[in-house]
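To keep things clear, I will list the structure first and then write my remarks on it.
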Protein chains: 2
Amino acid sequence: MNTNIFLQIYHDYSERIQSGEIAAGTKLPSENDLTREYGISRETVRKALQLLSENGFIHKIKGKGSFVLDLGRMNFPLSGLVSFKEMSERIGRKSQTIVYTTEHIPIPHAVARHLETDKHATVWQVIRARNIEGEKVILDKDYFRSDVVPLLTKEIASGSIYAYLENELDLQISYAKKVISVEDATAEDKELLDLKQYTHVVVVRNYVHLEDTTLFQYTESRHRLDKFQFVDFARRSPGEEK
Amino acid sequence: MNTNIFLQIYHDYSERIQSGEIAAGTKLPSENDLTREYGISRETVRKALQLLSENGFIHKIKGKGSFVLDLGRMNFPLSGLVSFKEMSERIGRKSQTIVYTTEHIPIPHAVARHLETDKHATVWQVIRARNIEGEKVILDKDYFRSDVVPLLTKEIASGSIYAYLENELDLQISYAKKVISVEDATAEDKELLDLKQYTHVVVVRNYVHLEDTTLFQYTESRHRLDKFQFVDFARRSPGEEK
DNA sequence: AAGTGGTCTAGACCACTCT
DNA sequence: GAGTGGTCTAGACCACTTA
């Protein structure tokens, strides 16, 4: 759909790197080469390379060239907004989603604080457990502002809610803040998960914003300790140099 | 030192936003306004705004303008490569570093796997505890390739190693991969930290690379569960849209 | 219709690396 | 000196929002 040139080049290379067609350590064609090859201006080539660089596919070295990193093949994505379903499919694990509740309710007191709505708002509450290799190890509690998301069904909740939001409701998700911490397991955790002997859970609070900056979703993802992992790729940003 | 125009504008606005001088929700001057105001080209203005956007200070909306977000003031930095010292100073907490060891040793077996050096390499090992408000809650085990970092002293280890690397040794740190997980507390954890009743620790493995892509440092940061927090700001990257 | 940000161009000069 | 990536310019056209 997108006819953006720099996005096409980005996808071209990101796929070839992720598939292993272009090996780690390989030097990419120079910016001038790519300019000639694609018949476009150098700034457009640079936009594609910058995206590749930001997302951990390549690293650019002044005077030398752009080189493929080996971070990209494992643990993808290196941070970002990706749903559980995409995630487990990428890893290739057998996974299953159990939907406990899909309800339209007045906003719970504890949630109002996170969603910054007025206290009389209503939300869609979705509670799901993620079953990986036979064990329920993640409890997802999602809350959607019902003025943004008018309807949710059990069918949607058992599939990809994000696909529904983006394709059916045409909502543009634009950014999110995640806060990760470890907390005591609640009675609910113990009831809905296979917690084994663990007394604590990793809690990932996710605040998701739309294109117009409205905070429309709050998610609490509660992970059994031994099944939690988070990978983050960080580049020293120009802004942080002294 | 840096005369880059876009960095100057970035710093100008990032500081004014972080200090609260420019409130959340405020609309920034348009790109054309900034072009005129600074007497520079629009693409340069856009570079500054893009940095602000990436780092969670602003959000740009097509046809409307650039708006200040309120994420920036709390929990800084929103992901990134920042040392414990910078971190605690920013939060304003009373903190102290206890240096247990600063040694030049043959690379431990368990570390060689992470640092990808040959098995006969030597490393500088630094083991430190971080004391926050009277309790030792973080254990940092750092390993530096000694062919990159020839010397470390207890004095350097008790201050900011990063400042030493960048200012004294002129090393350019460029990117890092973090892997966060939860593991059983070891005997060492129990000995060197004030673990209280906790049986697990949050382990943050950090793989730090230089400008020329060499992996030169591996750090294991072991946090007491209740004192761990990680914040991540993620923008839906153009590359991820379908 | 005017203003906004998003994309793209065809140049230019610079600092750096390699030989 | 030739090649590389980093910065910057002065234009252009587009899609979107607001009035």
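To find a chain, count down the sequence lines: A is the first, B the second, and so on, and within it residues start at 1.
Atom CG in A/L28 sits roughly 16 Å away from atom C1' in D/dG3 (whole-Å rounding). What separates NZ of B/K47 from P of C/dG5 is a distance of 18 Å, to the nearest Å. The separation between B/R42 atom CZ and D/dA12 atom P is 13 Å, rounded to whole Å. Rounded to a whole Å, the OH atom of A/Y10 is 20 Å from the C1' atom of C/dC8. The CG atom of A/N4 sits 11 Å away from the C1' atom of D/dA15 (whole-angstrom rounding). Rounded to an integer number of Å, the gap from B/L7 CG to C/dC14 P is 19 Å. Atom CD1 of B/I9 is separated from atom P of D/dT7 by 13 Å (rounded to the nearest Å). Going from atom CZ of B/F67 over to atom C1' of D/dT18 covers 12 Å, rounded to whole Å.
Nearest nucleotide to the A/S41 side chain, out of C/dC8, D/dG5, D/dC8: C/dC8. When distances run from any side-chain atom of B/K60 to the nucleotides D/dC8, C/dG5, D/dG5, the shortest one goes to C/dG5.
Salt bridge annotation for B/K64-A/D212: absent, with no cationic side-chain nitrogen under 4.0 angstrom from a carboxylate oxygen. With respect to B/R235 and A/E54, no salt bridge is recorded, no charged nitrogen being found less than 4.0 Å from a carboxylate O. The pair A/E21-A/R16 counts as a salt bridge, with a side-chain nitrogen and a carboxylate oxygen less than 4.0 angstrom apart.
Using cut-offs of 30° and 60° on the angle between ring planes, the pair B/Y218 and B/H114 is parallel. Ring pair B/F144/B/F216 is tilted by interplanar angle, where 30° to 60° counts as tilted.
Applying the 4.0 Å criterion to OP1 and OP2 of C/dG6, one finds that B/R46 has a side-chain N or O inside that range.
Of the inter-residue distances, the one linking A/T122 atom OG1 with A/Y143 atom OH reads 13.5 Å to the nearest 0.5 angstrom.
Side-chain contact between B/P150 and B/L169 is present, with at least one heavy-atom pair separated by less than 4.5 Å.
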Listing time: all N or O pairs from protein to nucleotides 1-4 of chain C that are below 3.5 Å?
from	atom 1	to	atom 2	distance (Å)
C/dG3	N2	B/G63	O	3.3
C/dT4	OP1	B/S30	OG	3.3
C/dT4	O2	B/G63	N	3.4

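Within 4.0 Å of B/L49, counting heavy atoms only, lies no atom of the nucleic acid at all.
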